[in-house]
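Structure first, then comments.
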Amino acid sequence: MTLLNILQDSPVLFISLIALLGLMVGSFLNVVIYRLPEMLKRSWLQQCAELQGHQTSKTSPAFNLTSPRSACVHCGHKLSIWENIPVISYLLLRGRCSQCNARISFRYPAIEVLTALMSGIVAWYYGYSLITIAALIFVWALITLTMIDLNTQLLPDDITLPLLWLGLLVNINNSFTDIQSAVIGAAVGYLSLWSIYWCFKLITGKEGMGFGDFKLLSAIGAWLGWSMLPLVILFSSLVGAIVGIGMIVAAKLNKNIPIPFGPYLAGGALIALFWGEKLNHAYFGLL
């Protein structure tokens, strides 16, 4: 009996291995969450300098998703292999750098555990199938976009646009929805928030959201189909309004301080991914 047959016949083992994979992927997502915005910032600064006619250095050290090696943000200590083991290293180091004893952000193991948990849920829900692989990619991208948006209020095109096109390709074989619904979902997802953005701007003279939100909802529509978009918008708007008002009241924040909308869209997408069909059937059943 091959390993594939064993995984197919043992759901518990399959879910456990996918959760373990999610733990390792979560460690990589931490790198993407930290480095991708910095990579974009450096690229934008270089482009601005070139447009202004300034000479830019071509010999600066490489900074991408693989180089340089992970290091302590406080003292620059290069992390060894044993210091890079997901969750375990954090526990062994007691949440502190082995060299300077500075505290390591709890965000790193939290994202690893979250990714492992969500990966296990995907494996449990979809079982041993190719759809599980696609759903994992979708969920991992949503986790990454959520954290980047929370940290920087950016939803990078480097993730949202590939996610959009991949969603259309995945649904060629009706994986999550039929291709017609996916194409309509991509268009309606973008145009709905685009319309709200311009209506709000024309009325108030202010920008209510960023263009990254349009692209993210478009990608969600491409993956889940147009029928899931009302559900995603409803839950994301409701939770976003509650959290935003709560933050303003509890922390006495300025109501003009921008609050990222991407995490709420991602949360709404996850609800639609797992429970969207049941919620839609229940809603139309009531009608």
Side-chain angles (χ1 to χ4, degrees), residues 114-115 117-127 129-149 155 157 159-197 199 208-243 260-287:
L114 173 63
T115 308
L117 178 62
M118 294 304 303
S119 299
I121 293 175
V122 168
W124 165 77
Y125 189 86
Y126 288 102
S129 65
L130 290 176
I131 295 180
T132 297
I133 298 175
L136 285 171
I137 294 173
F138 183 57
V139 170
W140 294 341
L142 291 179
I143 292 173
T144 306
L145 288 168
T146 293
M147 296 309 302
I148 290 178
D149 201 17
L155 290 170
D157 289 352
I159 299 178
T160 55
L161 295 184
L163 190 65
L164 164 62
W165 298 118
L166 184 58
L168 295 176
L169 291 174
V170 163
N171 283 317
I172 287 178
N173 293 323
N174 302 335
S175 297
F176 297 96
T177 187
D178 60 85
I179 186 61
Q180 182 178 5
S181 177
V183 172
I184 296 174
V188 172
Y190 188 94
L191 292 174
S192 58
L193 291 188
W194 179 86
S195 301
I196 294 173
Y197 166 88
C199 288
M209 62 183 69
F211 279 53
D213 297 317
F214 314 163
K215 298 167 190 174
L216 175 55
L217 188 59
S218 178
I220 293 170
W223 278 82
L224 304 181
W226 67 266
S227 63
M228 293 296 171
L229 291 180
L231 186 68
V232 172
I233 295 174
L234 173 63
F235 276 98
S236 58
S237 300
L238 181 62
V239 175
I242 293 173
V243 172
F261 191 48
Y264 307 115
L265 289 174
L270 291 176
I271 292 173
L273 177 66
F274 296 118
W275 303 289
E277 290 292 342
K278 293 180 180 179
L279 290 172
N280 274 345
H281 283 309
Y283 174 75
F284 288 115
L286 290 175
L287 292 181

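Hydrogens, waters and symmetry mates play no part in the numbers below; they use all other heavy atoms, side chains included.
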Are any side-chain N or O atoms of [X] and backbone N or O atoms of [Y], one a donor and one an acceptor, separated by less than 3.5 Å?
X	Y	result
S175	V170	yes
N171	A222	yes
Y126	A135	no

Measuring from [X]:[atom1] to [Y]:[atom2], what's the distance to the nearest 0.5 Å?
X	Y	atom1	atom2	result
I143	L114	CD1	CG	4.5 Å
L164	L168	CG	CG	5.5 Å
I184	I179	CD1	CD1	10.5 Å
T146	Y264	OG1	OH	10.5 Å

Are there more than 12 heavy atoms of other residues, nucleotides or ligands under 6.0 Å from atom CG of L130? no
If you take all heavy atoms of [X] and [Y], which pair is closest and at what distance?
X	Y	value
S227	S181	N-OG, 4.5 Å
G262	D149	N-OD2, 2.9 Å
G276	M228	C-CE, 3.5 Å
T132	A123	CG2-CA, 4.1 Å
L163	A141	CD1-CB, 3.7 Å

Close side-chain approach of [X] and [Y], heavy atoms under 4.5 Å:
X	Y	result
V122	W140	no
I159	I148	yes
L234	P230	no
V139	L273	yes
L229	S192	no
L270	M118	yes

Taking it one step at a time, do L145 and L265 satisfy side-chain contact (heavy atoms from CB on, under 4.5 Å)? CA-CA 10 Å; L145 288 168; L265 289 174; over 6 Å; no
Could you check whether the rings of F176 and W223 sit parallel, tilted or perpendicular, using 30° and 60° as the cut-offs?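 Tilted: the ring planes of F176 and W223 meet at 30° to 60°.
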Does the side-chain contact (heavy atoms from CB on, under 4.5 Å) test come out yes or no for L231 and L224, once each step is laid out? CA-CA 11 Å; L231 186 68; L224 304 181; over 6 Å; no
Side-chain polar contacts of residues 208-218 - donor-acceptor pairs under 3.5 angstrom, sequence neighbours left out - could you list them?
| from | atom 1 | to | atom 2 | distance (Å) |
| --- | --- | --- | --- | --- |
| D213 | OD2 | G210 | N | 3.2 |
| K215 | NZ | D157 | OD1 | 2.8 |
| K215 | NZ | D157 | OD2 | 3.1 |
| S218 | OG | A186 | O | 2.7 |

